[in-house]
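Encoded as structure tokens, the structure appears first; notes follow it.
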Amino acid sequence: MVNIKNYLRLNKLPHIWCPGCGNGTVVRALITAIDKLGFKKDEIVVFTGIGCSARTNAILDFNTIQTTHGRTLAFATGFKLMRPEMKVIVITGDGDGAAIGGNHLIHAARRNVDITTILINNSIYGMTGGQYSPLSPQGAYATTAPYGNIEPPFDICELVKAAGATFVGRGTVYHIHLTIDLITKALSHKGFSFVEVISQCPVGYGRRNNMRSPYEMLLWQKEHAIMVKQADKYSKEDLKDKFLIGELWVNHERTEFMDSYNALVKRLSEGMKGGEV
Amino acid sequence: MGDKNRIMFIQGNEAIAEAAIIAGARFFAGYPITPATEIAEVLAYRMPQVGGVFIQMEDEIASIAAVIGASMAGFKAMTATSGPGFTLMQENIGYAIMVEAPCVVVDVQRGGPSTGLPTLPAQGDVMQSRWGTHGDHPIVVLSPATVQEAFDLTIKAFNISELVRNPVILLTDAVVGHLREKMIITDEGEIEIINRRETKLPPEQYKPCKGGVDFVPDYARPGTGYRYHVTSNVHDEEGFPATYSHKAADELIKRLHKKIDYYRDKLTYYKSYYAEDADVLIITYGCTARSAKDAVKILRDKGVKAGLLQLQTIWPFPYDVVEGYAKKAKLVVVPEMNMGQLIGEIERAIKREALGVNRADGKMISPAEIVGAIKGVLKDG
């Protein structure tokens, strides 16, 4: 068993999340993965943006940097390119990462920078009080969707995969061992890796959508998740209101950004030795 | 002039890129925009040659964010843009101020507002450079009038930014950016380069946001045992959010201002030309100073005791310098390629009205226009 406390800034506890929030479980999954891989604390830098997901890093005993809303991956890119020896982890939310940060997310994936992004998807803007996000289901209620959300959501994993990410997985807070496994694989993957974790927000989301308790929300995750490996056993109709979990996409063909950059620098230095500039 | 001096015929934007490398910049992130793009183009070529990183980001917001990321990683970093791009960067410039991440932002001004006059010069970002980001923040803004000054002030911009751990804006314009003229790079070994002051304290005693005697905190490189938290929320000396502490908010905001005040002498630059005995003192900055200098020559030939005070540091505004030079002048004239932005600050310094000579149509103000405006007033008087 991993000693979770060993990785926390205990003097920064208690955290500020509501009872029943899934964020703490995701933090535990991340710590477990890091412990499994044997990374040193000083090798790691955790970046976050704004919102409930962003408050994960103040309690983590690593180098931790909270940035502006949605821009986290751009900050992390600048950091990673100058310090490629460090493990750069980005924790974001569905509002932070898929709305205001959507452009940076697809471009980080396209560049295949060696960053691991964990997107905690609780279907809602929690910290500002329960507004709908680009990942809120159609028909869901939110403070800014009092008559039900009319917008269709992204499949964020499909989006990031199409943009060029080389590892994509989806877990849930309920399927915690799968989530730990996906984060472990993402952290060991070289290139842009992305893990969506379906989480619960009983206060901002569940309360308005007939799931008042965390238990009901976890049950919803259990009942709506289908392991990707078993997906072909289901008909299209069966899969309609379900989502796939597991390792969704791995690509070892694409070159990581810094590898491409270093190859360019090497080509240049060899050319310069020959008298060319 | 020593043997190691290099004489070049070079564009203002190229001079800025070259100066950045000499100052020690090893990271550039940018997004193409006229009339700033040559800075990115030169650095795309130069950065890999010196072991640095160049990256073209998806927009200006990402560019400044990446620059701040590189700065927090311990490197000197720069971006360059123009009016509308500068507007997009403002939120993260505020972030850099709050987390004390030094960086240099070049704004090659063009006509505005909005997309304005994409390829024509202006000086309309004087107030944006000062107050573009929200909140009560300090800023340092330098403005060159020649290619040589573009080079020299870029190096100063990096030095100041590392010294005070604050972004420095190099406020240039399409004229200086695209102009080609003679420039001398003095022996690189003799150029003063300032690097960030690193902590000597062990990790358990280190407080990342505690100012030193100069109110500037010492830096600790991430990954070296100093595991601190960075946030742009109001924070305490340890760097953790202290939103509900009015005391922490008060101390932090005041300290951010105090560090700039502490180094005021080291970051105030200006040039004077026949200004000591001037009856008519022209005060201006950037490309307009070139026309103003000619206007002084014309007026002196006609027997008018005119002089020029060219401000190279426009923020923090050098009230004392302006007040001192303007004391004996009967008339103070402020030509600007905007509808009157710095003139307000000048009037605050001299405590009387100044004569503005303004245009915002993308054309430079000519020496004749300045002379004409002055002669008109002198006749009336």
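As the structure is a prediction and not an experimental result, all values here were calculated from the model. Each chain gets a letter, A, B and so on, in the order the sequences are listed, and its residues count up from 1.
- At most 12 non-hydrogen atoms from other residues, nucleotides or ligands lie less than 6.0 angstrom from OH of Y31(B).
- Proximity to chain A involves both the backbone and the side chain of A62(B), based on heavy atoms less than 4.5 angstrom apart.
- Contact tally against chain A (heavy-atom pairs below 4.5 Å) for S63(B), G52(B), P241(B), G239(B): the top residue is G52(B).
- The heavy-atom pair separating D236(B) from A242(B) by the smallest distance is N-CB, 4.1 Å.
- Interface summary for chain B: among N262(A), L73(A), T67(A), the most heavy-atom pairs under 4.5 angstrom belong to T67(A).
- Between chain A and the options P222(B), S232(B), A70(B), the largest number of non-hydrogen pairs under 4.5 Å is found for P222(B).
- Between H134(B) and H137(B), the shortest heavy-atom distance links the atoms O-ND1, 3.9 Å.
- Counting heavy atoms from C-beta on, the side chains of I55(B) and R111(A) come closer than 4.5 Å.
- Contacts between M47(B) and chain A at a heavy-atom distance below 4.5 Å involve backbone atoms as well as side-chain atoms.
- By the ring pair (Phe, Tyr, Trp, His ring centres under 6.0 Å) test, H189(A) is found to be paired with F167(A), H252(A), residues two or more places apart in sequence or in another chain being considered.
- Here the shortest heavy-atom pairing between C103(B) and A96(B) reads SG-CB, 4.3 Å.
- Comment: E58(B) does not engage R110(A) in a salt bridge, judged by the lack of any side-chain N to carboxylate O separation of less than 4.0 angstrom.
- Minimum heavy-atom separation, A54(A) to Q66(A): CB-NE2, 3.9 Å.
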Side-chain polar contacts of residues 198-209 of chain B - donor-acceptor pairs under 3.5 angstrom, sequence neighbours left out - could you list them?
{"residue": "T199(B)", "atom": "OG1", "partner": "L201(B)", "partner atom": "N", "Å": "3.1"}
{"residue": "Y206(B)", "atom": "OH", "partner": "D218(B)", "partner atom": "O", "Å": "2.7"}
{"residue": "Y206(B)", "atom": "OH", "partner": "A220(B)", "partner atom": "N", "Å": "3.3"}

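- Close approach to chain B, defined as a heavy atom under 4.5 Å from one of its heavy atoms, is seen in F75(A), T77(A), G78(A), F79(A), L81(A), M82(A), R83(A), E85(A) of residues 75-85 of chain A, taken by number.
- Residue contact with chain A, scored on non-hydrogen atoms closer than 4.5 Å, involves the backbone and the side chain of V53(B) alike.
- Chain B forms more heavy-atom pairs under 4.5 Å with one residue of V265(A), T68(A), T72(A) than with any other, namely T68(A).
- Listed in order of number, the residues of residues 9-30 of chain A that approach chain B to under 4.5 Å between heavy atoms are R9(A), K12(A).
- Only one option out of L170(B), V168(B), I64(B) pairs with V105(B) in a side chain to side chain contact (heavy atoms under 4.5 Å, CB included); it is I64(B).
- Across V67(B), D59(B), T224(B), the residue that shares the most heavy-atom pairs under 4.5 angstrom with chain A is D59(B).
- N103(A) and H107(A) share a donor-acceptor pair across their side chains, judged by distance under 3.5 Å alone.
- Judged purely by distance below 3.5 Å, without hydrogens or angles, the side chains of T92(A) and D96(A) pair a donor atom with an acceptor atom.
- For K76(B) and N195(B), the side-chain atoms include at least one donor-acceptor pair closer than 3.5 Å.
- Contact of F54(B) with chain A is made through backbone and side chain together, with heavy-atom distances under 4.5 Å.
- Contacts with chain B were tallied for K40(A), E43(A), H104(A), H69(A); H104(A) has the most, counting heavy-atom pairs under 4.5 Å.
- Residues V99(B) and T231(B) come closest through the heavy atom pair CG1-O, 3.7 Å.
- When heavy atoms are compared at a cutoff of 4.5 Å, L264(A) approaches chain B solely by way of its side chain, counted from C-beta outward.
- Between chain A and the residues Y228(B), F240(B), F27(B), F75(B), the most heavy-atom pairs under 4.5 angstrom are made by F240(B).
- No more than 12 heavy atoms of other residues, nucleotides or ligands shown are found within 6.0 angstrom of NZ on K210(B).
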